[in-house]
Amino acid sequence: MLSDATRLRILWALRDGGERDVTTLAELAEVGPTSASQHLTKLRLAGLVATRKEGRRVFYRARGSHLRKLLDEALFRADHETSGLPDDD
């Protein structure tokens, strides 16, 4: 699930624990609403995001604090890989 740049951008937009609708997430991920919706469906089926309906609008949020830790670690590792910095292990 985390190998796709669009899904990472969507999850990054949800990392603070807030809720966002599809339109907002699409803008933040720099994709169309249809594409964002398809990615959000995959993330929901994988258990990484949860939904809440308000009328016709659906709001998404990250499921659990572990997701922020996972994203922080993934970005830390990617930064070290691309900058040539040594591992902290």
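Worth knowing before you read on, the calculation uses all heavy atoms, side chains too, and leaves out hydrogens, waters and symmetry mates.
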Worksheet item: Would the number of heavy atoms belonging to other residues, nucleotides or ligands and lying under 6.0 Å from CZ of Arg20 be above 12?
Response: yes

Practice prompt. Decide yes or no for Ile10 and Leu40: does some side-chain heavy atom of the first lie under 4.5 Å from some side-chain heavy atom of the second?
Written response: yes

Discussion item. Nearest 0.5 angstrom please: Arg44 CZ to Ser37 OG, how far?
Written reply: 9.0 Å

Practice prompt. Give the intermediate values and the outcome of side-chain contact (heavy atoms from CB on, under 4.5 Å) for residues Leu14 and Leu25.
Written response: CA-CA 9 Å; Leu14 295 172; Leu25 289 168; 3.9 Å; yes

Worksheet item: Between Arg15 (side chain) and Trp12 (backbone), is there a donor-acceptor pair under 3.5 Å?
Response: yes

Discussion item. With side-chain contact (heavy atoms from CB on, under 4.5 Å) as the test, pick out the partner of Val31 among Gln38, Arg9, His39.
Written reply: Arg9

Worksheet item: Minimum heavy-atom separation for Pro33 to Val22, with atom names?
Response: O-CG1, 3.6 Å

Practice prompt. Under the side-chain contact (heavy atoms from CB on, under 4.5 Å) rule, collect the residues that match up with Arg61, sequence neighbours excluded.
Written response: Glu19, Ala50, Arg52

Discussion item. Using side-chain heavy atoms (C-beta onward) and a distance below 4.5 Å, is Tyr60 in contact with Asp21?
Written reply: no

Worksheet entry | pair Phe59-Glu54: side-chain heavy atoms closer than 4.5 Å | yes

Worksheet item: Between Leu11 and Val49, is any pair of side-chain heavy atoms under 4.5 Å apart?
Response: yes

Worksheet, complete the sentence: Between the OG1 atom in Thr51 and the CZ atom in Arg63, the distance rounded to the nearest 0.5 Å is 10.0 Å

